[in-house]
Amino acid sequence: MSVLLVALLLLPLLGAAALLVPGPLGIVAVRFGLAVSGVVFVVAVAVASLFDYSAAGRVQGTVDLPWIPWLGVRFHLGIDGISLPLVVLTALLTLLCLVYLAGHRPTRARELVFALLVLELGMIGTFLSLDLLLFFVFFEVVLIPMYFVIAVWGGEGRRRAAYKFILYTLLGSAVLLVGLLYVWAQTGTLDMVRLAAGHPMGRTPQILAFVAIGLGLAVKTPMWPLHTWLPDAHTEAPTVGSVLLAGVLLKMGTYGFARVAIPILPEGAAAVAPWLGALAVVGIVYGALACLAQRDLKRLIAYSSVGHMGFVLLGFATLTPVGINAALYGNVAHGLITGLLFFLVGALKERYGTSDLDRLGSGLLGRLPHVASLLTFAAVASLGLPGLAGFWGEMLALQGAYAPAAGLPRGLFLTFMVIGGLGAVLTAAYFLVMLSRLTHGPWGGPGPTIHDATPIELTAWVPLVVLILVFGVWPSALLGLTTPAVQAFLGVP
Amino acid sequence: MHVVYPAVVAALLFSIGVYGVLARRNTILVLMSVELMLNAVNLNLVAFDVWLRDMLHSGQVLTLFVIVIAAAEVGIGLAIVLAVFRTRKAIEFDRLRELGEP
Amino acid sequence: MIVSLVVVLPLAGAVLGLLLSRRPHGRGPAENLAANKRAAWFGVLPTALSTALIGWLAWENTPSTSVLTVIDTGGIAITAGLEVAELSVLTAMLVGVVALAVQVYSVGYMRGESRYPSFSAFISLFTSAMLLVVFAADLLVLYVGWEIMGLCSYLLVGHWWEERANSRAAIKAFLVTRLGDVGFLFGIFVLGFAAGSFRVADILVADIPESTLVLATLLLLAGVAGKSAQVPLHTWLPDAMAGPTPISALIHAATMVAAGIFVVARLYVLFPQPTLDVLGVAAAIGMLGAALAAFAQTDLKRVLAYSTISQLAYMAAALAGGARDAAVFHLVTHGAFKALLFLCAGAVIHHVGSNLLGHMGGLRRPMPMTFWAMTVGYAALIGLPPASGFFSKDAILYGLERSSSPIQLLLYGSALLTVGVTGAYATRAWLMTFFGTGKIQALPEPAPGTAHVFDGREAPLSMLWPMGVLAIPALLLGFTDAGEFHLAPALTALVVALLGAAFVYVVWRGAPERDPARLLGAFRDPCEQAFYVDRLYAVVFVRPVLALARGVVRTDDHVVDGAVRGTGRAAVGLSGLTRHLQNGNAQLYVTGLLAGVLLIAVGAVVLG
Amino acid sequence: MIQSIDYWAIAAPLILALAAGLVLLLDAFLPARPGVRAALGCVTLAALVAAFVVVVAQRGVRETFCVPSIGCSYVVDATTIVFAGLALGAGAVVVLLSMAQLAEGDIPVGEWYFLLLAALAGAVTLPASRDLIMLVVALELVSLPVVALTALRRYDGRGAEAALKLFVVSVVSTAVMLFGVSLLYGVTGAVHLDAIAAALAQPERPGAGPVVAVGAVMVVAGFGFKIAAVPFHFWAADVYQGAPIPVAALLSVVSKAAGFAGLILLLTQALPSESATWTPIVAVLAALTMTVGNVLALRQIHPVRLLAWSSVAQSGYILAPVATTDAQAATAYLVFYAAMNLTAFAVVMAVPHDTLDGYRGLVSARPVAGLALAFALICLAGLPPGLAGLFAKVVVFREVVAGGLGWLAVVMAVNTVIGLYYYIAWTARLFTPADATRPAASGPAWIAVGVATAVAVGFSAAPQFVLATLG
């Protein structure tokens, strides 16, 4: 198992390195990338199959090699119930992105595939690492490739958006580094597993560390006041960039809460939870309202991510097994649904050259029946319809908020629950308004020959649809994985 | 004689040197005031050496080195002033602004 | 085992209808026809099978529960299971019959429509969701079915989405019910955490303190009000008439709107008196207001929609008064005859090509079958003796007369008044449709939003059969529950109803071509606008939210984003400032240097 | 009493000094043909390599020029080896760069290599000196030749102006430093660093506190000028732009390393008892240096000027851990910084342009130079593909956070973001597609680029070897 984990990291690295070598690979870059990400996905599935589901709480397949003794950094990898779904999600989304690319001749394909493979390396590394600094290194590996994906292949205002993205996220990760090193200065060890087991830090250092680490992760999640980089980054990013940015990069922030912040700093988490909950709930309503008045489709979906991540953070703020399960479930569900949404919107943008709602016209169901019906399916899944993946994340988060952990103010969390519920209604409102403005309405008969979804696009999208349905109908697929791990670090029987 | 007298004289000499560096426009005069500062240091060192009755006389040893350093600096300083004069036909110290911030 | 088959069959039909009906892909007329035929089979067959199975369950009549899995969410577990009880089988039978009737009816109604496959698939999906609600053993599984029904109503009301109004009506329907559902979800949480499990059986038996019960049931009422279009959240139902008539018949007459009443009946033991009073007051107001509104409507379908609101309020009043069985009995009979009325209305609209009563008249002769079916429906609605409505209304009035609830007088009084007004609006609609002079003139090709015109003949056979099938229970259902038939309340109700009907007949007889609604005089317009409740909601809720949304976008751009951009500009500004110190004058550099040394020396001495 | 001299200990500076003399003589007697220029370069390089081998071969602590009761003036220990190795390595790259520079013919070859070797000899002796006199002399030995080097190009107005500025500021700060030394000597009566520390440890001298404080500050000012810390940073941009690029590289790496070595020796060995006074001052200086360096670098268009302000900012990062009295982190960062900065200077030398836009599309036109520069800039910014930069920053952050200077860590975080802006702005230009014609660079510059990049990539791939040598 541990060999497979190392393979998960080595393959993208070797793939990217091979692309760097000037040579014939440039022409078949996309196919080469497809092959590499395919193999990585197969390895991820192999890891999932070899995973011992009965002991999902325990870290499995650990690799523990000394890397920089002077700094005390160890190359410590491992996978458990929390990180397994995210690793498989990352491998899947990267594969689907490259499948999508195979259908579209991107310019400078070699550099784009190089960036995607390095992105995949960074993402999978973040989910696998069990050493604080190794987590930080992989957390930052993602920055440069995503910057170039936005800055080179993006829309008109791409340069400004790319700058804002990389500077904002770097500030976040710099503060995160300060937090991590503060934990290290207090405890003397960088090993997450040992830190999560015993809590040697006092209460106020824990609060300080949680605030620093929380801020760093909140920028990436994004939490409400620190979210302004997301809409710009999404509006300008190319389809593939948006899918990975929304599908996985946001998950690294929330995964940080589940892996680093809450298990290692429980008292800090308990002290800061009400504030985290408040900001999360504001994020839900704020995101929903911002979407209601949005003119651009990609910005709308970016703000919807702010809303959904609000629910995930609310789940974390409750500090109960139900809440954190909800957060992790919402994480994976949001990755699938928003990934599909951005694929569809990207397809629309490539066909019509714009993602502005007014210029896209109406009656899409008549013009592009397949794309429009998939868009309706994704929108409905995103507004949290039961029977689809989005519902369980939100419902369990509200249920967690109804009965938060012992030390937390019950009345406050009840108001969070009510506001979150209203936020869900607003979410339904803006998605339906978007659907009615875009897919419904007159469409004036068969227009110029804009081709509907091509087979390649469908092969990229159908797996996501199937997974959304599977996780909607059969939630214990994921909950069975995360519950033991969450109960393990929350110490709740 | 108490050590404070030479120390005060050295400090005064040093201040005059500093004034010279800041106020004079001609580079050569700036160099001369720097020499003044270095000599103030020598005075200070020798005074402390005598006052401490240092067996190693490190004060005086350092004074010798300072004198050598001062000589070297004057040599290079004047050479550079010559180079500046040859290219710019003027050696006003505060006129040389070509390399300022754009 | 059979019960899970009952639920899964329509779902399978829906999935197959959506995916496989259009093989090979193409939009030409030939492919459309083949696709419609295949979709019809995928729609009708599973529903028929499912109804048959329900029939067998009813005949077998043994309560049983079958649990699929228990989902452990870290907190309170959710049991995905189904439970067969006497009440649920009765309601399921209603759902099955009406759904089958509607599926057959819409084959004819939607002939030649290119999007029929998705239409019939969504109806099957709706049927399976409703059956899931009926047979759910766990409140959260019930909630899942509850929400999927809301989605299906959105998809089906917005079937003719070319017309912006239909799309807006669909959104309104979904959002108002969704608002109610949020309250419903919170109610489930309160109950679940108080009883320690979400299973209905455990909750019914758990001892929960009175105060939490009141809170939980009030929250549940929000969901019920939303789904069953009770007073505060009833505004979406009349607009939902924008959908095709079969949909109105199935969803907005018999099944979905009845789900709310079904849930109250199912958890009736949990409802303490204060909640029932609230329900009673809302029902009383709703009953009378909707009836008056129905009297003033010009559109036939909106008349029936308001009539549904009034009849549902009737059942709610029965529940508030403690007569649970009467309410359930009326639920079933109402489902039957209201679905019948809607199907007949569909046929009439099909015939005339417009929904407005003004365009109808003298249809007695061209459409005899529809005329007799609609007459039976109206008879049941008013409560004339042979029809089932007479018996179920009598049971409710008897229950209300003897109910021990503190607001008994209000309930009984408004019930009697409503019977009178129901008689009035039913007769008015009946007379204006079938009697008086015929007004058939060649109408232009109808806007896509209205039904298609037939050339004067009676509705096709595939539409008449379901009407016939539904007419039978509308007539005979009353006799099945022969039980306690009480002469006194029945007679009073009959007299009041006939009084209302006769009054309208007299007014109509005077001037057949003028609308009897002029009877209301000054009250006509408020009644037609349903007392301006819609406009009130728009002003109080919709417009402020949209304004807030625009405000949020502006602040997000200027304040939050401005702060971020501001830091960037501040950094560049700072660099502009420090630039002046770097103007190339070496003397300035040395001054800076010595000043720095002086500053640090003073700092060191002061600090040290 | 005759002092015994341990020739093995002073072997490295001795080789450099002799080589300097040899080069001067060779230049005098050999005819001025192009072949001779290359030969002199090779001789210098050979001397550097020999000195490097000697330095690396030295194990354990070797002391010489010792006074029996007080202490030794010249001590070679682990940090000295690292600093000397760093200076010699950087010197080798500078020699390669200067071979390309000298090819232009307007610089006298012999004098150039002589001054270069003299400066390197000073840079190697300074980390080993343990008394104030040797410290001062070594510092002057590093500063004056560099001033001369800056002015060596004939008929170059900008070079002369830069040299003059550098000279005046250097001489003034030396004067200030000497005055500080005299005060310290006056108060403690000793010149050896450990003797001074012992003298300052006994608190019996009344009223000596302020004098020691002022003396210490003035001595720190001397080193502050060398590392271009805030109040002493004004000269940096002008001199880097005016001087020839190899000299700018020399200034930004070798003289900075020497400045830090002196500062660390002074603060950690001579004034440990006064740490209560100088730690906050050094912390504030570090914060100011980074901020000013980064902020001013934001608006630069000229590549060398941008690298100048970036090196000022980087010295701010290096200064920060010195404020926590543990200098190993500073040394580690310095080593990484040297490799990254030299790569950047090497590429700027190989592909000279006056504006950043000149570098547009360098990756497509000259892949090796483009990727090397991009890698160096990303390392300087401290982002993952440049692991060397990242771990350097992590080491410094760790020291600052462990030392309890939370506010300084936050200031550093903000500064890394500001810094990232102009690094990424330049890197982005490298990757934008544009096909401007490229002036061809001469051979040695490419070798310099190759060597520097290899060292930087080596540090990124395996940072633990560097950190392990620090012990």
Side-chain angles (χ1 to χ4, degrees), chain C residues 71-75 544-608, chain D residues 161-162 164-169 171-173 175-177 179-180 209-218 220-222 224-225 229-239 274 276-282 284-285 288 291-300 305 309 414 417-418 421-422:
Chain C
I71 304 163
D72 169 22
T73 63
V545 164
L546 289 178
L548 192 64
R550 277 188 296 280
V552 155
V553 168
R554 253 200 319 284
T555 45
D556 186 59
D557 197 24
H558 297 304
V559 174
V560 182
D561 207 15
V564 173
R565 285 197 301 273
T567 48
R569 272 198 300 280
V572 174
L574 190 64
S575 79
L577 225 66
T578 44
R579 193 182 67 78
H580 299 303
L581 281 170
Q582 280 295 121
N583 55 12
N585 172 4
Q587 204 130 39
L588 182 66
Y589 296 168
V590 175
T591 332
L593 187 144
L594 292 170
V597 168
L598 189 66
L599 212 65
I600 299 170
V602 164
V605 167
V606 164
L607 255 177
Chain D
E161 181 189 331
L164 185 63
K165 283 183 187 170
L166 180 62
F167 172 74
V168 169
V169 173
V171 163
V172 166
S173 55
V176 164
M177 177 172 153
F179 198 85
V211 176
V212 168
V214 169
V217 162
M218 294 179 108
V220 162
F225 152 73
V230 153
F232 322 98
H233 68 289
F234 297 103
W235 58 274
D238 303 6
V239 171
E274 303 295 314
T277 48
W278 55 261
T279 30
I281 292 168
V282 168
V284 167
L285 276 190
L288 284 174
T291 318
V292 165
N294 278 325
V295 157
L296 272 172
L298 273 181
R299 34 195 321 288
Q300 294 310 330
R305 211 177 173 85
W309 285 116
V414 172
V417 175
I418 302 174
Y421 174 74
Y422 55 81

- Note on the structure: Rounded to the nearest 0.5 angstrom, the CG-CG distance for D:Asn294 and C:Leu574 is 11.0 Å
- Task: Check whether any side-chain heavy atom of C:Ile600 lies under 4.5 Å from a side-chain heavy atom of D:Val220, and answer yes or no.
- Result: no
- Contacts of C:Asp561 that satisfy salt bridge (charged side-chain N to carboxylate O under 4.0 Å, His left out) - sequence neighbours left out: A:Lys164, C:Arg565
- Note, D:Val168 side chain near C:Gln587 side chain (heavy atom, < 4.5 Å): no
- Task: List the steps and the verdict of side chain to side chain contact (heavy atoms under 4.5 Å, CB included) for C:Val597 and D:Phe232.
- Result: CA-CA 9 Å; C:Val597 168; D:Phe232 322 98; 3.5 Å; yes
- Query: Taking atom OG of C:Ser575 and atom CH2 of D:Trp309, what is their separation to the nearest 0.5 Å?
  - Reply: 11.0 Å
- In short, D:Arg299 meets C:Gly576 closest at the heavy-atom pair CD-N, 4.0 Å
- Is it the side chain or the backbone of D:Val217 that comes within 4.5 Å of chain C heavy atoms, both, or neither? side chain
- Item | Distance-minimising heavy-atom pair for D:Val295 and C:Ala571 | CG1-O, 4.0 Å
- Query: Which pair of heavy atoms, one from D:Pro231 and one from C:Gly596, lies closest together, and at what distance?
  - Reply: CB-CA, 3.7 Å
- Per-residue contact mode, D:Leu164 against chain C (heavy atom under 4.5 angstrom): neither
- Note on the structure: Max heavy-atom pairs within cutoff under 4.5 Å with chain D, candidates C:Leu593, C:Val590, C:Thr567, goes to C:Leu593
- Using non-hydrogen atoms and a 4.5 Å limit, figure out which bit of C:Leu594 sits close to chain D: side chain, backbone, both or neither. side chain
- Query: Would you call C:Leu588 and D:Phe234 a side-chain contact if the rule is heavy atoms closer than 4.5 Å?
  - Reply: no
